Peer 1: 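Below are the structure tokens for one structure; questions will follow.
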Amino acid sequence: MLWNTLILALRAIHRNLMRSLLTMLGVVIGVAAVITMVTLGNGATLSVTRQIASMGSNLIIVIPGQGFGPGAGAAPNFKSADAEAIRNQIGTIDLVAPATAKAVTAVYQASNWNTRVTGTTNDYFQAGNWELAAGRTFSETEERAGKTVCVLGESVRNKLFGQGNPVGAEIRIKQFACEVIGLLKAKGQSAMGQDQDDAIVMPLRTVQRRLTGSQDVNQITATARAGASIESTKVALTALMRERRNISDTEEDNFRVMDTRQIAETLTGTTRILTMLLGMVAAVSLLVGGIGIMNIMLVSVTERTREIGIRLAIGALEGEVLLQFLIEAVVLSSLGGLVGIVVAAAGSVVIAGIMGIPYVFEPTINLLSFVFSSAIGVIFGYFPARRAARLDPIEALRHE
Amino acid sequence: MKSPEPTPLIRLRGITKTFGEGSAAFQALKGVDLDVAKGEFVAIMGPSGSGKSTAMNIIGCLDSPSSGTYEYHGTHVEKLSRRQRALLRRNFLGFVFQGFNLLARTSALENVELPLIYRGASTSERHSAGRAALEQVGLAGWEDHTPAELSGGQQQRVALARAIITQPSVLLADEPTGNLDSRTSREVMDLIAALNRDHGITVLMVTHEPDMADYARRIVRFVDGQVESDHRRQENG
């Protein structure tokens, strides 16, 4: 009975191919949207997580101002001496890398490239988990004397040297020439979507003297000693900075101390909420697809009343008519679900590629969407099917 | 009224049928007694609203009587459930309608096979029986045509093939020639008469065309929900 009814259902779908395809389309779009949104969201979260991991887990970042909003720039910058004080006065601090940055144009022979110069100390490489692809980092003399030496990020190398080895070459930055002593391994995009490899790193003193013309520092990156409490280190650091910046007890901090976990939570929290929102919007479209199926099934029953009458008259049982319509609905929605999964996989790979985030196949969401689309078929197919099966054969036959 | 056989195939006793309720109620059948023996060819005639189609639907197990008894081969049909009546239709009855009632956009062969699908026959069984039935009604070679590609007479013959593919005991025909011209009407009637004569299928046919009723060997006339007359034609008549 099941097999024969399946044949009948498939024949009915085939007879109304166009209508069947349009019905399926609703489910295809719904399922594909849900899977794509969730997959991309997961990819984005993973990308952020990886990014944070590449920063190192015990990182503490101190920046002037509160938050990123307007007025953040009003707070005074740090001085090089602040970094020294942190290093000397807080026992649980391991590395301290004060940094100041400046946008410049770097020139090598006929190529030039607009990028950022970061002036900092050797601790910067270690704290930021940077590794060298070639050459070396700064020597103590170079740091102390503010020599014109630089370490290039992969993107800058690529723009100025192509695939060539830059170590030993001289590039021009503003009015001075600068010897390339090292090349950093590529890191890719930051959690914020910036290209981290688009950077030139020089000794702090060189940048302060030749580019910014002040003792200011934009950011202090520090790491806590292994085993030290990040929380207590942050408390000590905050107290020290308040004292050095002459902030009275009644005033708010005019700087921010963040650790990696905090940043990670903020960023992944954001992507997670976005994933959820997008997933919910997509789920609504899946629901609409399901209502489409129910709609078509209802119309179909009305339109095929006479056909149902014929079937009943020549000996179809109520259960068989019910089963046929049910199978039609389930086949349509499952097929739509399968196509949706394929479309979502293809779409996710392409979009993930464009967005530069990893593609992660997640079986759960695929399975869930498929089960949901089939369930839609059963639920939304059941009521029209029952209505069809309960028709009085004489009434149904009279129906035009 | 004399029965030619001691136990008739179909026995109606005091059948009434009322549609609607209260003041809007309409009594379509007002106590019908009718016996039909196996192998008979009965034409049911009467003016519109005389209850002949209602009686036909009750005999065809498509409808149940308001009161009275209907025995089919000794079974009390009026006591059967909806499902049991469907099984009785499936196993013993064949239907031909005025409007052909074929499935649209479906080939002649698939239309004819339909009752066998519900009987759970295998694909090869269905195909061979379907082809044989189409051949029997003179439509060999038309298997792949849809109703839209067939003439009225051909459609009715497909419907006839569908009715006989299950080798039913009784063929119920409700104005089978109502939508056909006189020449194709005669072709269809010849086929029905042949089924009755050569295969012993009991035929009950509703018609209001005396020409068509002439094919039958017995004419039952309905008037106002009751049997008004019941004539058996002589074999030589």
Side-chain angles (χ1 to χ4, degrees), chain A residues 1-22 296 299-328 331 385-400, chain B residues 17 19 28 53-54 56-58 60-64 81-107 109-123 125-126 146-147 159 161-166 168 171-172 174:
Chain A
M1 168 164 155
L2 191 67
W3 175 245
N4 284 328
T5 314
L6 185 68
I7 294 175
L8 290 174
L10 292 179
R11 279 183 185 173
I13 289 172
H14 182 73
R15 267 210 309 278
N16 302 296
L17 202 59
M18 193 61 192
R19 192 177 61 193
S20 307
L21 288 179
L22 286 174
I296 290 287
V299 170
S300 174
V301 166
T302 315
E303 192 188 292
R304 291 159 65 187
T305 302
R306 200 182 169 80
E307 176 193 327
I308 294 161
I310 298 169
R311 292 182 186 280
L312 290 170
I314 63 172
L317 301 178
E318 199 176 306
E320 286 165 336
V321 174
L322 179 71
L323 196 63
Q324 180 192 333
F325 274 76
L326 214 50
I327 289 176
E328 278 181 41
V331 166
R386 200 181 58 170
R387 214 184 92 183
R390 289 197 176 166
L391 285 173
D392 184 351
I394 304 166
E395 287 300 318
L397 277 173
R398 243 177 245 148
H399 194 271
E400 287 302 325
Chain B
K17 179 70 184 179
F19 293 106
S53 286
T54 306
M56 190 75 156
N57 287 336
I58 289 172
C61 301
L62 289 169
D63 209 347
S64 44
S81 68
R82 188 180 147 100
R83 181 190 159 83
Q84 285 168 320
R85 279 188 281 131
L87 286 170
L88 202 148
R89 281 203 295 277
R90 170 192 291 192
N91 292 320
F92 301 107
L93 309 180
F95 290 89
V96 177
F97 306 94
Q98 178 177 4
F100 318 139
N101 281 337
L102 298 176
L103 296 188
R105 281 163 289 163
T106 306
S107 74
L109 186 61
E110 283 181 16
N111 261 299
V112 172
E113 285 177 357
L114 202 57
L116 287 188
I117 289 189
Y118 290 118
R119 281 193 172 191
S122 72
T123 312
E125 235 179 298
R126 281 203 320 265
T146 62
R162 181 180 65 189
I164 61 171
I165 194 171
T166 56
L171 179 68
L172 297 150
D174 194 352

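Every chain is numbered from 1 and lettered A, B, ... according to where its sequence line falls, protein lines coming before strand lines. What you see is a predicted model; the values in this text were computed from it and never measured.
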Peer 1: Do A:D392 and A:R398 have side chains that approach each other closer than 4.5 Å (heavy atoms only, starting at C-beta)?
Peer 2: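 SC-SC contact between A:D392 and A:R398 ruled out.
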
Peer 1: Answer yes or no: is there a side-chain heavy-atom contact under 4.5 Å between B:M56 and B:L172?
Peer 2: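 A side-chain contact exists here, since the closest heavy-atom pair is under 4.5 Å.
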
Peer 1: Using side chain to side chain contact (heavy atoms under 4.5 Å, CB included) as the criterion, point out the one residue from A:L317, A:L8, A:T5 that pairs with B:Y118.
Peer 2: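 Considering A:L317, A:L8, A:T5, a side chain to side chain contact (heavy atoms under 4.5 Å, CB included) with B:Y118 is found only for A:L8.
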
Peer 1: Pick one of side chain, backbone, both or neither for A:I310, based on which atoms fall under 4.5 Å of a heavy atom in chain B.
Peer 2: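 Only the side chain of A:I310 comes within 4.5 Å of chain B.
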
Peer 1: Against chain A, label B:S122 side chain, backbone, both or neither, depending on which of its atoms sit under 4.5 Å from a heavy atom there.
Peer 2: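 Contact with chain A is absent: no heavy atom of B:S122 under 4.5 Å.
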
Peer 1: Between A:I327 and A:A9, which heavy-atom pair has the shortest distance, and what is it?
Peer 2: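 Looking at all heavy atoms of both residues, the shortest contact is CG2-CB, 3.5 Å.
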
Peer 1: Let me know if B:L102 has heavy atoms under 4.5 Å from chain A in its side chain, its backbone, both or neither.
Peer 2: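 It is the backbone, since no side chain atom gets that close.
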
Peer 1: Give, as side chain, backbone, both or neither, the part of B:E113 having an atom under 4.5 angstrom from any heavy atom of chain A.
Peer 2: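 For B:E113, side-chain heavy atoms alone lie under 4.5 Å from chain A.
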
Peer 1: Counting only non-hydrogen atoms closer than 4.5 Å, does B:N57 touch chain A with its backbone (N, CA, C, O), its side chain (CB onward), both, or neither?
Peer 2: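 It is the side chain, since no backbone atom gets that close.
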
Peer 1: If you round to the nearest 0.5 Å, how far is CG of A:L22 from CG of A:L17?
Peer 2: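 Here the rounded value is 10.0 Å.
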
Peer 1: For the candidates A:H14, A:E307, A:R304, A:R311, which exhibits the highest count of non-hydrogen atom pairs separated by less than 4.5 Å from chain B?
Peer 2: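 The residue among A:H14, A:E307, A:R304, A:R311 with the greatest pair count is A:R311.
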
Peer 1: Quick one: salt bridge (Lys or Arg N to Asp or Glu O under 4.0 Å) partners of B:E125, sequence neighbours excluded?
Peer 2: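 Applying salt bridge (Lys or Arg N to Asp or Glu O under 4.0 Å) to B:E125 gives none.
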
Peer 1: Of the backbone (N, CA, C, O) and the side chain (C-beta and beyond), which part of B:R126 lies under 4.5 Å from a heavy atom of chain A, both, or neither?
Peer 2: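 The side chain, not the backbone.
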
Peer 1: With sequence neighbours excluded, give me every salt bridge (charged side-chain N to carboxylate O under 4.0 Å, His left out) pair touching residues 82-93 of chain B.
Peer 2: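 Listed once each, the pairs are A:E318-B:R82, A:E320-B:R90.
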
Peer 1: At a 4.5 Å cut-off on heavy atoms, which part of A:Q324 comes close to chain B: side chain, backbone, both, or neither?
Peer 2: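 For A:Q324, the side chain is the part near chain B, not the backbone.
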
Peer 1: Heavy-atom cut-off 4.5 Å, strictly under: side chain, backbone, both or neither for B:A121 against chain A?
Peer 2: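 Backbone only.
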
